[in-house]
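Note that the structure is predicted; figures quoted are calculated from it, not measured. Residues take their numbers from the sequence shown, with the count starting at 1.
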Amino acid sequence: MADTKREIERKYEGPAAEGGTEMPDLTGVPGVAGVVDKGVAELDATYYDTPDQRLAAASLTLRRRTGGDDAGWHLKLPVSEGVRDEIQAPLSDTVPRAIAGLVRSRVRDAELVPLVRLRSARDIRHLVDDSGALLAEVSLDRVRADRLGGGKGTAAWTEIEVELADDGDPAFLDKVEKKLRKAGLSRSAASSKLAKALDTTGKRVKKPAPRKDPATAGDHVLGYLRAQYDAIVELDPAVRRDLPDSVHSMRVATRRMRSTFRSYGKILDRAVTDPIGDELKWLAGELGVDRDQEVLTERLTESLGQLPRTLLSGPVRTRLRTWAHARHGGSRRRLIAVLDGKRYLALLTALDALVTDPPLLKAAGGDPAKVIAKAVRKDFGKVSGLVEQALDRPSGADRDHAMHEARKKAKRTRYAAEAAAPALGGPAAGLVKSMKSLQSLLGDHQDSVMTREALRELAALAHAARESSFTYGVLYGREEQRAAAAEAALPGAWEAIEAQTAV
């Protein structure tokens, strides 16, 4: 079992010419009523990475540490500057399975090997308030680093680390820093002990150089694709940890990539991208196994909650819960199995290869204002045709289908415009906003279609169980009204979109 701890800390060092870093007097820090000496802990940590340092390149650290009060395996995931989530697992001889899964999107089939050994003598002080509650832990660390494996370098340094107490106010660190700066200390240039060790004990695999400003149509499309690929890889640990909105965000990134392949087929060779797009469609489906059902259940539950009691007939809530449970097709265990599977890892490898060595066509070298704008206009033209079809058809199944197809195309056009926005500026940004609005309107209509299908099913189940189906009919009628409202709003919404569109 792995535990998670939010870590907010800063590191400081003194001028090397003055003999290194020493612990200053911290009794004068505002809010500090006492400085408690907690003694010296001897820490011994071995850091693991792939031979080509994929974790270090992504600012991730994985270590096995003994000594102190939190001995075990620690994986640190960056959240923001000075903030990391530390995933902890008990000591074992090999990397715990739960932690190995969290780095699999980076490591894939590569081996995790010992990279650096850090031995630290940690002199610890607790800063406490007048009630004795911990405000922050300040430690003076005397560190020795030894490169393992292919390296032979050794380094030693002293630093001060200030870690905020759980649920503490980050502003308190500013007060501590003011005192440390007055004592001649400054923020460490290295983001972590491992980063400093890699910089001082041997050759470090450098992070990719910042990409140049896009100049061609291909540059802009690739920039958008790389952002979606990075999102998929970075969201993988969050999905495994079941963090809020992580599954939805990862699903959106897969759809954005796939839509971009199709919208910009004149820039990227579809003979290469289509098979990858098929795999992205598969992944999006796996990520959405439960999501669509959850949305439907939430809509029905909300609608039930809005009905007065006089319109509730029979065990409607119980029937809905039973139905939702029976339709629950996936599980976290299934999703984790997908993320651990060979098919998903092969997709990540294919995406990595694509953004590294993209299959660019001749148009990729063209003027983005022309090439990208042409692709966006083409997508918008398809949306226009589908909306006109929907408006020309009478209310019913044919119109429902046409509106659903228009919604899907609006979503694709929105993603194409997102990719185009850095090149085309305001017109593309405006189109993104318009397509998002259209997508929302058409999406509510489609949700009504799906909800009415569910209500028919629920009513049939209730009838078979000799329960009243009255309430399902009431809800069905309300959903018809919502669909009719969306259909009535479409002509005016579309007219406004056409008037505003200038791509």
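Of the inter-residue distances, the one linking L194 atom CG with D49 atom CG reads 7.5 Å to the nearest 0.5 angstrom. Remark: E495 CD to L391 CG distance equals 10.5 Å, nearest 0.5 Å.
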Requested in this report: Show your reasoning for whether side chain to side chain contact (heavy atoms under 4.5 Å, CB included) applies to R104 and L345.
Outcome: CA-CA 8 Å; R104 186 160 285 118; L345 296 182; 3.8 Å; yes
Report task. With side chain to side chain contact (heavy atoms under 4.5 Å, CB included) as the test, would you mind laying out the steps for T413 and L438 before giving the verdict? Result -> CA-CA 11 Å; T413 304; L438 178 63; over 6 Å; no
Query raised in the report: How far apart are the C-alpha atoms of R108 and D352, what are their side-chain angles, what is the distance that settles it, and do they pass the salt bridge (charged side-chain N to carboxylate O under 4.0 Å, His left out) test?
Result: CA-CA 12 Å; R108 297 176 204 166; D352 194 356; 3.4 Å; yes
**Report entry** Y12 and E177: CA distance, side-chain angles, deciding distance, side chain to side chain contact (heavy atoms under 4.5 Å, CB included) verdict
**Finding:** CA-CA 9 Å; Y12 302 88; E177 179 166 314; 2.6 Å; yes
Requested in this report: Could you give me the CA-CA distance, side-chain angles and deciding distance for L148 and V116, then say whether side chain to side chain contact (heavy atoms under 4.5 Å, CB included) is met?
Outcome: CA-CA 5 Å; L148 305 175; V116 171; 5.7 Å; no
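By the 4.0 Å N-to-carboxylate-O rule, D52 lies close enough to R54 to be salt-bridged with it. Between D167 and R6 there is no salt bridge, since no side-chain N of the basic residue sits under 4.0 Å from a carboxylate O of the acidic one. Salt-bridge formation is not detected for the pair E286/K281: no Lys NZ or Arg NE/NH1/NH2 atom is positioned less than 4.0 Å from an Asp or Glu carboxylate oxygen. Salt bridge status for R63 with E86: present, with a side-chain N to carboxylate O gap under 4.0 Å. Taking 4.0 Å as the cut-off between side-chain N and carboxylate O, E161 and K11 count as a salt-bridged pair. The existence of a salt bridge linking R482 and D444 is confirmed by a sub-4.0 Å separation between a basic side-chain nitrogen and an acidic carboxylate oxygen. In summary, D146 and R117 do not engage in a salt bridge, as defined by a charged side-chain N under 4.0 Å from a carboxylate O. A salt bridge is defined here as a Lys NZ or Arg NE, NH1 or NH2 lying under 4.0 Å from an Asp or Glu carboxylate O, and R181 with D174 fails to meet this definition. K196 has no carboxylate O lying under 4.0 Å from a charged side-chain N of E159, or vice versa, which leaves the two without a salt bridge. In summary, R251 and D292 engage in a salt bridge, as defined by a charged side-chain N under 4.0 Å from a carboxylate O.
Side chain of D269 to backbone of A271: a donor-acceptor contact under 3.5 angstrom is found. Here the side chain of S192 pairs a donor or acceptor atom with the backbone of A195 at under 3.5 angstrom. Put simply, the side chain of T216 never gets that close to the backbone of G365: no donor and acceptor are under 3.5 Å apart. The backbone N or O of S448 sits less than 3.5 Å from a side-chain atom of R452, completing a donor-acceptor pair. Between the Y264 side chain and the A416 main chain, a donor and an acceptor come within less than 3.5 Å of each other. Side-chain N or O atoms of S440 include none that pairs as donor or acceptor with a backbone N or O of K436 at under 3.5 Å. In this structure a side-chain-to-backbone donor-acceptor pair under 3.5 Å is missing from S437 to K433.
Closest non-hydrogen pair, L424 versus A369, comes out as CD2-CA, 3.8 Å. Taking each heavy atom of S246 and A238 in turn, the nearest pair found is OG-O, 3.4 Å. Of all heavy-atom pairs between A253 and A231, the closest is CB-CB, 4.1 Å. Smallest separation of non-hydrogen atoms from A89 and P96: CB-CG, 3.8 Å. A pairwise comparison of heavy atoms in L296 and A454 identifies CD2-CB, 3.9 Å as the closest pair. Taking both residues in full, the closest heavy atoms of A284 and R255 are given as CB-CG, 4.4 Å, listed atom of the first, atom of the second, then distance.
Side-chain atoms of E457 and W323 form a donor-acceptor pair, as typed in the model, at a separation below 3.5 Å. For the residue pair E279 / Y344, no side-chain donor-acceptor distance below 3.5 Å is found, with atom types taken as modelled. Between R412 and S263, the side chains place a donor N or O and an acceptor N or O closer than 3.5 Å (distance only, hydrogens not considered).
Evaluation of the side-chain contact (heavy atoms from CB on, under 4.5 Å) rule for K5 yields Q88, E163, D166 as partners, not counting sequence neighbours. Here D219 pairs with nothing under the salt bridge (Lys or Arg N to Asp or Glu O under 4.0 Å) rule; sequence neighbours left out. Legend: residues meeting side-chain contact (heavy atoms from CB on, under 4.5 Å) with V107, ordered by chain and number and at least two apart, are T50, L55, V103, A110, L112. Residues satisfying the side-chain contact (heavy atoms from CB on, under 4.5 Å) test with D447, not counting sequence neighbours, are R299. Partners of R240 according to the side-chain hydrogen bond (donor to acceptor under 3.5 Å, both in side chains) rule, which considers only residues two or more places apart in sequence or in another chain, are D236, D340. Partners of K409 under the side-chain hydrogen bond (donor to acceptor under 3.5 Å, both in side chains) rule, at least two apart in sequence or in another chain, do not exist in this structure. With sequence neighbours excluded, the residues forming a salt bridge (Lys or Arg N to Asp or Glu O under 4.0 Å) with E405 are K408, listed by chain and number. Scored by the side-chain contact (heavy atoms from CB on, under 4.5 Å) test, A486 finds L441, H445 as partners (sequence neighbours excluded). Checked against salt bridge (Lys or Arg N to Asp or Glu O under 4.0 Å), D169 has no partners two or more places apart in sequence or in another chain. Take F261 and apply the ring-ring contact (aromatic ring centres under 6.0 Å, His included) test, not counting sequence neighbours, and it matches no residue. W73 meets the ring-ring contact (aromatic ring centres under 6.0 Å, His included) test with Y48; sequence neighbours excluded.
With a 4.5 Å cut-off on side-chain heavy atoms, Y47 and L118 count as touching. Counting only heavy atoms from C-beta outward, the side chains of V371 and D367 never approach each other to under 4.5 Å. Between L164 and E9, the closest side-chain pair of non-hydrogen atoms is not below 4.5 Å. Proximity of T501 to I497: side-chain heavy atoms (C-beta onward) are separated by under 4.5 Å at one or more points. Using a 4.5 Å cut-off on side-chain heavy atoms (C-beta onward), M257 and I232 make contact.
At most 12 non-hydrogen atoms from other residues, nucleotides or ligands lie less than 6.0 angstrom from CZ of R97. Annotation: D245, atom CG; neighbour count of heavy atoms from other residues, nucleotides and ligands within 6.0 Å is above 12. The 12-atom threshold is not exceeded at NZ of K266, counting heavy atoms of other residues, nucleotides or ligands nearer than 6.0 Å. Counting non-hydrogen atoms of neighbouring residues, nucleotides and ligands closer than 6.0 angstrom, the NZ atom of K382 exceeds 12 such neighbours. Summarising the local packing, CD of Q306 is surrounded by more than 12 heavy atoms from other residues, nucleotides or ligands at distances under 6.0 Å.
The salt bridge (Lys or Arg N to Asp or Glu O under 4.0 Å) pairs that include a residue from residues 385-399 are R399-E487, where partners are two or more places apart or lie in different chains.
Within the 6.0 Å centre-distance limit, the rings of F380 and W494 are counted as a close aromatic pair.
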